[in-house]
Amino acid sequence: MDIDKAINDRISVRAYLERPVEKAVVEEILNLAIKAPSWGNTQPWELAVVGGQAKTELTRELQNLVMQGTTPNPDYTMPNNFTGVYMDRYRMTGKRLFELAGIARDDATARMNQFVSMFNGFGAPCLVYIIMDEILDTSYSVFDAGAVANYIALLATSRGLGTCLMAALAMYPDPVRKCLNLPSSKKIVLGLSLGYPDPDSPVNRLKTDREELCRILTWRGMD
Ligand SMILES: Cc1cc2nc3c(=O)[nH]c(=O)nc-3n(C[C@H](O)[C@H](O)[C@H](O)COP(=O)(O)O)c2cc1C
């Protein structure tokens, strides 16, 4: 698949088939994804893949924490102060997602179930974690880690797989560290769900909008 098609086809996949993902395919994707650029080639990322029984146990623990109302303690601050157009876009994404899922505004149970399903990676057979050492600066190093995450998403798309970049999977980092046998010095940046998309699920029809290029682009000296 060419890169334009992978970019056009990639969406956040929020429903997966049970079909397992071959380890060799995941390895191929990650081997390419780590070719992403980084500040001075510092390559601030580490990666982990969780599948099978380990994934079942980890996500059960994460879902229990959510259902118990445990306050999240992510390693990296989660934004919670969007305003203006940014808040509008954020709300629109949630609104369209709930509409596609057939969840009414006042259906608190269904909304909670949808929320809790995030902590299971939406049922994907495996999760990919992006990890950084605590000695790393959080600004450009997180930017670099984001490049790897997006490369993974595009490489997965080009192989018929789906992903969702998920901050939710990093909201409770302690069980993730326990699962991966990591010391507290290793910080959990983000998780991605990875698997074969369920083609029949309405939530996988969500194609989010983008602002028109001319509204966010400035040209100078290019005429
Ligand atoms: C850093 C980051 C964190 C995200 N976390 C979540 C998440 O926790 N749950 C979720 O359902 N989607 C999550 N997303 C997916 C975004 O909602 C999605 O990328 C956005 O709505 C644009 O839609 P698209 O990916 O289909 O183009 C995240 C995306 C990014 C880049």
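One-based numbering, in listed order, for ligands and for the atoms of each. Predicted, not measured: the structure shown is a model, and the values here were computed from it.
- In the vicinity of C164, heavy-atom distances shorter than 4.0 Å reach the ligand 1 atoms 10 (C), 12 (N).
- The line from CZ of F122 to OG1 of T163 is 11.5 Å long, rounded to the nearest 0.5 Å.
- Using a cutoff of 4.0 Å between basic side-chain nitrogens and carboxylate oxygens, R177 and D174 are scored as salt-bridged.
- In this structure, R210 counts as a contact residue of ligand 1, since one of its heavy atoms falls inside 4.0 Å of the ligand.
- Distances below 4.0 Å separate heavy atoms of F122 from the following atoms of ligand 1: 11 (O).
- Per-atom contact check: atom 13 (C) of ligand 1 touches the protein, criterion being a heavy-atom distance below 4.0 Å.
- Regarding atom 21 (O) of ligand 1, its nearest protein heavy-atom neighbour is T93 CG2, 3.4 Å.
- Closest to atom 22 (C) of ligand 1, if we only count protein heavy atoms, is T208 OG1, 3.6 Å.
- No part of A149 comes within 4.0 Å of ligand 1, judged by heavy-atom distances.
- For atom 7 (C) of ligand 1, the nearest non-hydrogen atom from the set M171, M166, R10 belongs to M166.
- One side chain, Y16 or S193, offers a donor N or O that lies under 3.5 Å from an acceptor on the other.
- A salt bridge between K23 and E27 is absent, with no side-chain N of the basic residue lying under 4.0 Å from a carboxylate O of the acidic one.
- The closest approach between K207 and ligand 1 stays at or above 4.0 Å for every heavy atom of the residue.
- In this structure, the side chain of N204 does not engage the main chain of P199 through any donor-acceptor pair within 3.5 Å.
- Taking every non-hydrogen atom of A168 and a distance limit under 4.0 Å, the qualifying atoms of ligand 1 come out as 8 (O).
- Each of the following atoms of ligand 1 lies closer than 4.0 Å to a heavy atom of I11: 26 (O).
- Between the CE atom of M222 and the CG atom of L217 there is a distance of 9.5 Å, given to the nearest 0.5 Å.
- In this model, no donor atom of one side chain and acceptor atom of the other lie less than 3.5 Å apart for T109 and R111.
- For atom 9 (N) of ligand 1, the closest non-hydrogen atom of the protein is M118 SD, 3.1 Å.
- In terms of protein heavy atoms, atom 3 (C) of ligand 1 is closest to A167 N, 3.6 Å.
- When L190, L165, V189 are ranked by how near their heavy atoms come to atom 4 (C) of ligand 1, first place goes to L165.
- In terms of protein heavy-atom proximity, atom 19 (O) of ligand 1 is nearest to S12 OG, 3.4 Å.
- For atom 16 (C) of ligand 1, the closest heavy atom belonging to the protein is R14 NH2, 3.8 Å.
- Relative ring orientation between F143 and Y140 is described as perpendicular, the plane-to-plane angle rising above 60° on a 0-90° scale split at 30° and 60°.
- K186 has no carboxylate O lying under 4.0 Å from a charged side-chain N of E134, or vice versa, which leaves the two without a salt bridge.
- Between Y76 and V142, the closest side-chain pair of non-hydrogen atoms falls below 4.5 Å.
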